[in-house]
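Structure first, commentary second.
Residue numbers begin at 1 in each chain, while the letters A, B, ... track the order of the sequences. Computed over heavy atoms, backbone and side chain alike; hydrogens, waters and symmetry mates excluded.
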Protein chains: 2
Amino acid sequence: MPHCHTFIAALRQHGYRITPQREMVIEVIAHSRQHMTAEEVYAEVQKRTHAVNIATVYRTLDLLVEEGLASRADLGGGQVVYATAAHGPHIHLVCRQCGLVVDADVVPFEPLFRQIEAAHGFVCSPQHFAIYGQCAACRAAADAVPERG
Amino acid sequence: MPHCHTFIAALRQHGYRITPQREMVIEVIAHSRQHMTAEEVYAEVQKRTHAVNIATVYRTLDLLVEEGLASRADLGGGQVVYATAAHGPHIHLVCRQCGLVVDADVVPFEPLFRQIEAAHGFVCSPQHFAIYGQCAACRAAADAVPERG
DNA sequence: TTCGTTGTTGCAACTGTTTGCAATAAGAGA
DNA sequence: TCTCTTATTGCAAACAGTTGCAACAACGAA
C-alpha cells in the first residue's frame, strides 16, 4: 500500500475529512525522498493543479505534524522543513556559525527516549529534529584565531 | 562579574562593536531568569529606552546565538524563545498535539553528545532545544478513543 | 583630540507564515 | 439521491521575522 494511503487512512480514522487538496499535499510529501519546505511542497502541488492555496498547504502540513505523520525541523537560515517517517529517522546537526547541516543517526538516542518516557510519560517522535552546535571546521577556525580577528 | 559583562567581553574579543543598543539587549536577556521571546526582550528594552529598534533586538539575539552565548528554541505555537546558559541547560519536551511544554534534564544526553563529537567532530551546544512528541495525557486520550471520534 | 574606516542601526519594504471569515464542499443520515 | 451539518478552503489582511540601504557611530590610528 502506498505510503500516502496510510496517511489518508489514519486521518480518516481520526475523523478528518479527506479533501482533494489534502490528498494532493499528502501525495507530494509522502512520495518525496527527502524533507521539503512548505514552499517546495506548494510549488510541486502547483505543477499539478492551481486549485490549492498556500494557506491550505501550511494547514495540511501542520495537521500531519500534529497527528504524528510528519515532522517539522528548523534548520536555521529560514529553512523550515517537513518530512515523513519514510525518509528514515535521523537528526540534523546544525552549525550555529556557518549553517552547515549534517545528518546523524537517531538510533543512539533511543535508550534516552525510553528513559524520557519512563520519567515523563512523554513519547518522543523524533523523526527529524535539529540540534544546534558548532561544526569541526568552525571549531578549528575559532581555536586558531579569535573570530573577527 | 555580572553575566552580561562576560558576554560583552566575549563579543569584544571576537571583534564585535559594543553599542548601547547591544548592551541593553544583552542586559535584559542575561539577567532574565527564564527564556524570553524576542518580543518580550523588546518590550523590556522599551521600558528603559525607546532608542532600540525591534530589528536590532533580533539581530543582537541572533548574534548571541551565533556566538554560542545564547540558544534559541522553537516551542511550537509561534513561541520561539531565547535563553542563556545562566538558565541552566535543559531540553523542552513539546507535545505536538496539545502544545504542552515540559522541561527535562539534559545530563542524560551528554554521553550521546560526546559520541556525536567523536563521530562528526560536531560540538553540540544544547542549552535549550526542543524535542517534539506526545505527552502522557494525549497518549491516554488517543488510546481511549480515536481522535475526532 | 581628531579623523577615517567600517560595523551597526533604524526604517520601511519584504518574506514566510498565520488568521478571520464567508463560501464551499465532504460526508453522514434519511 | 438528497439534505443538512460542519469541517475545510481561498482570500486578503495581519503578524513575526528579515533585509536593503543610507545614516549613524564605535573604535583604532595618528
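Near DNA chain C, meaning a heavy atom under 4.0 Å from it, residues 48-62 of chain B has B/A51, B/V52, B/N53, B/A55, B/T56, B/R59 in order of number.
Rounded to the nearest 0.5 Å, atoms CD1 (A/I29) and CG (A/L61) are 6.0 Å apart.
Rounded to an integer number of Å, the gap from CZ of B/R17 to P of D/dC24 is 16 Å. Following rounding to the nearest Å, B/E23 (CD) and D/dA25 (C1') show an atom-to-atom distance of 14 Å. The CD-P distance, from A/E39 to C/dT15, rounds to 11 Å in whole Å. Rounded to an integer number of Å, the gap from B/M24 CE to C/dG10 P is 11 Å. Rounding to whole angstrom units, OH of residue B/Y42 and C1' of C/dT9 are separated by 13 Å. C/dT17 atom P lies 9 Å from atom CG of A/D74, rounded to whole Å. To the nearest angstrom, P of D/dG17 lies 13 Å from CE of B/M36. In this structure, CG of B/L75 is placed 16 Å from P of D/dA16, rounded to the nearest angstrom.
Between B/T19 and C/dT9, a side-chain N or O to OP1/OP2 separation shorter than 4.0 Å is present. The phosphate of C/dT8 (OP1 or OP2) has a side-chain N or O of B/R22 nearer than 4.0 angstrom. Of the side-chain N and O atoms in A/Q79, none sit less than 4.0 angstrom from OP1 or OP2 of C/dG16. Taking side-chain N and O atoms only, A/Q21 has no distance below 4.0 Å to OP1 or OP2 of C/dA26. Regarding contacts with the backbone of C/dG27, a side-chain N or O of A/R12 is found under 4.0 angstrom from either OP1 or OP2.
Checking B/Q134 against B/Q97 by side-chain atom types alone, a donor-acceptor pair falls below 3.5 Å. Side-chain atoms of B/Y132 and B/R96 form no donor-acceptor pair, as typed in the model, at a separation below 3.5 Å.
A salt bridge links A/R48 and A/E27; the closest N-O separation between the charged side-chain nitrogens and carboxylate oxygens is under 4.0 Å.
No chain of hydrophobic side-chain contacts below 4.5 Å, direct or via other Ile, Leu, Val, Met, Phe, Trp or Tyr residues, connects A/F129 to B/V123.
The side-chain hydrogen bond (donor to acceptor under 3.5 Å, both in side chains) test with A/Y82 is passed by exactly one of A/E40, A/R72, A/H35: A/R72.
Both B/A38 and B/P20 lie close to DNA chain D; mapped to their nearest nucleotides by heavy-atom distance, the more 5′-ward contact belongs to B/A38.
Here salt bridge (charged side-chain N to carboxylate O under 4.0 Å, His left out) pairs that include residues 114-123 of chain A, with residues two or more places apart or in two chains, are A/E117-B/R139.
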